[in-house]
Amino acid sequence: MNIIMRFALKILSSPKINMREWYKRIRRVQDIFAGRVENKYEFLDWRYYAKDGTHKIPIRIFQPDKKSSDELLVFIHGGGWVLGNVDTYTKNCIKLANRTGRIVLAVDYSKAPEYPFPAGFNDVYQVTNDLMTGLKTKDLLGAKELVLIGNSAGANLVAAVSLRLRDEGKEIPKKQILINPVTYWVHDESSPFKSVHENATGYGLTAKKMQEYMAMYEPDVEERKSPYVAPVMADNFSDQPETLILVSEFDPLRDEGVMYGHLLQEAGNSVEIFEATNTVHDYIFGPLSNQIVEDSYELMKRFLENRLKGSEEYDEVGSKKS
């Protein structure tokens, strides 16, 4: 990690940043940096309404330059359940569509603290469930299979939705990709995970920020122990989608992501877990691109194409298998 990157991460990791006080300002900055995307890309905005009619759930659909699969990727963005939207992740979704050759459908769920749990969770659940049932009857966008993919808080929502679909006896997606997922409910000195203590400060996402995000998402400490907030707290990990989990070496969430993967494996699910070496929490969807970012997209593509099982090629993508 170069000196400039370490300096930038040190600034972002400042203990003076209080997410509960700064989140509106950070949202405005994100919107400014999102900018406008040239109209050479094909995407479509949908008006999708919550079943109770209280609000819209914005959805943006991205067509790849060259479609190579009938799988539909349903993307759930990160941001601590507080930050981010379809605009701030548009460039990432364009890249995801083009690198995988698949249509990407991005869901802009309700954000905390204005709409705490279960608002955003219910939004993602409704869209996913409707897509799962609609795929068979409507052949939506030519899709034959659905894959859930999310990063950070978005990966938390993906994992939680897959658990709820199973719990309610409904059909689950074929596959899920969890990138640096939040799977546990506490990130202070009482955390049982080594990475929370090793990477608590200095790498952008801090343990303090995670505590603040969680407090905005679910203010009730006892309710944070729900498996739909903290998936590792589930009693049953069976009957889940084929899963790819990507974690980062210098991320406080690293070990809870690995733990969730192991719990899924022990319950008989097909799971691949990779640790991206010398990376921080938001390395894939951050502002910089390098070879390990490109390699991570290739890793996801190989997973989607069923080319990871039994593969020993992971060293080529700068990652190590957990």
Side-chain angles (χ1 to χ4, degrees), residues 27 29-48 56-111 120 123-124 127-128 130-131 135 140-143 145-159 161 173-181 244 246 281-290 292-305:
R27 283 177 182 173
V29 171
Q30 284 184 326
D31 289 339
I32 291 171
F33 278 94
R36 298 184 65 182
V37 178
E38 295 180 17
N39 200 30
K40 63 182 179 179
Y41 301 105
E42 184 179 355
F43 61 81
L44 172 71
D45 287 332
W46 266 10
R47 288 188 175 184
Y48 190 90
K56 290 189 295 185
I57 306 172
I59 288 176
R60 184 165 291 173
I61 300 168
F62 301 85
Q63 294 278 356
D65 288 341
K66 185 177 180 181
K67 186 178 175 184
S68 60
S69 171
D70 289 332
E71 287 180 328
L72 175 67
L73 303 187
V74 178
F75 177 75
I76 315 299
H77 70 77
W81 308 281
V82 172
L83 306 175
N85 54 49
V86 291
D87 291 325
T88 58
Y89 275 85
T90 282
K91 293 178 182 177
N92 302 122
C93 289
I94 289 168
K95 185 171 184 178
L96 183 63
N98 288 333
R99 286 300 304 267
T100 63
R102 288 156 171 81
I103 295 173
V104 172
L105 186 150
V107 181
D108 194 1
Y109 52 90
S110 299
K111 305 298 186 303
D123 286 350
V124 177
V127 173
T128 304
D130 287 353
L131 288 172
L135 282 173
L140 176 68
L141 299 172
E145 298 284 354
L146 186 147
V147 177
L148 290 178
I149 174 172
N151 68 303
S152 192
N156 167 276
L157 291 168
V158 166
V161 164
K174 177 183 178 183
K175 296 177 181 177
Q176 62 182 1
I177 299 176
L178 311 179
I179 303 168
N180 292 320
L244 170 66
L246 291 172
H281 177 72
D282 205 26
Y283 81 102
I284 293 182
F285 299 114
L288 303 178
S289 183
N290 52 36
I292 197 166
V293 173
E294 297 303 312
D295 290 344
S296 295
Y297 276 100
E298 179 62 22
L299 188 68
M300 289 187 278
K301 184 179 180 181
R302 295 211 308 255
F303 169 74
L304 293 170
E305 295 173 350

Check your understanding: Rounded to the nearest 0.5 Å, what separation is found between the OG1 atom of Thr88 and the NE2 atom of His77?
Key -> 6.0 Å

Revision key, fill the gap. When every non-hydrogen atom of Tyr48 is compared with those of Val127, the smallest separation belongs to CE2-CG2, 3.7 Å

Exercise for review: Could you walk me through whether Ser296 and Tyr283 pass side-chain contact (heavy atoms from CB on, under 4.5 Å), step by step?
Suggested key: CA-CA 10 Å; Ser296 295; Tyr283 81 102; 2.8 Å; yes

Exercise for review: Examine Lys111 relative to Tyr109 and say whether NZ or CZ is less than 6.0 Å from the centre of the six-membered ring and inside a 45° cone about the ring axis.
Suggested key: yes

Study note, to complete from the structure: For Pro58 and Lys56 the tightest heavy-atom approach is CD-O, 3.5 Å

Review point. To the nearest 0.5 Å, what is the distance between NZ (Lys301) and CG (Asp295)?
Key: 13.0 Å

Review point. Between the main-chain N or O of Phe303 and the side-chain N or O of Lys175, is there a donor-acceptor pair closer than 3.5 Å?
Key: yes

Review point. Rounded to the nearest 0.5 Å, what separation is found between the NZ atom of Lys66 and the CG atom of Asn98?
Key: 12.0 Å

Check your understanding: Ala159 and Gln176: which non-hydrogen atoms are nearest, and at how many Å?
Key -> CA-OE1, 4.1 Å

Review point. Should Ile149 and Met300 be marked as a side-chain contact (heavy atoms from CB on, under 4.5 Å) after you check the CA-CA gap, both sets of side-chain angles, and the distance that decides it?
Key: CA-CA 10 Å; Ile149 174 172; Met300 289 187 278; 3.8 Å; yes

Point to revise | Shortest non-hydrogen contact from Ala153 toward Gly80 | key: CB-N, 3.7 Å

Point to revise | Spacing of Ser110 atom OG and Trp81 atom CH2 [to the nearest 0.5 Å] | key: 15.0 Å

Practice item. Before giving the answer on side-chain contact (heavy atoms from CB on, under 4.5 Å), spell out for Asn151 and Tyr89 the whole-Å C-alpha distance, their side-chain angles and the decisive distance to 0.1 Å. Key: CA-CA 11 Å; Asn151 68 303; Tyr89 275 85; 3.4 Å; yes

Practice item. Any chance you could measure Asn180, atom CG, to Asn156, atom CG, to the nearest 0.5 Å? Key: 12.5 Å

Practice item. For Glu305, check side chain to side chain donor-acceptor pair (under 3.5 Å) against everything at least two apart and list the hits. Key: Arg307

Exercise for review: Find the distance between CZ (Phe75) and CG (Leu148) and round it off to the nearest 0.5 Å.
Suggested key: 12.0 Å

Review point. Minimum heavy-atom separation for Ser152 to Gly78, with atom names?
Key: CB-CA, 4.3 Å

Revision key, fill the gap. Per side chain to side chain contact (heavy atoms under 4.5 Å, CB included), Leu73 is matched among Ile177, Leu304, Ile103 by Leu304

Check your understanding: side chain to side chain donor-acceptor pair (under 3.5 Å) with Arg60: which of Asn85, Asp108, Thr90?
Key -> Thr90

Study note, to complete from the structure: For Val86 and Val107, the nearest pair of non-hydrogen atoms, with its separation, is CG1-C, 4.4 Å

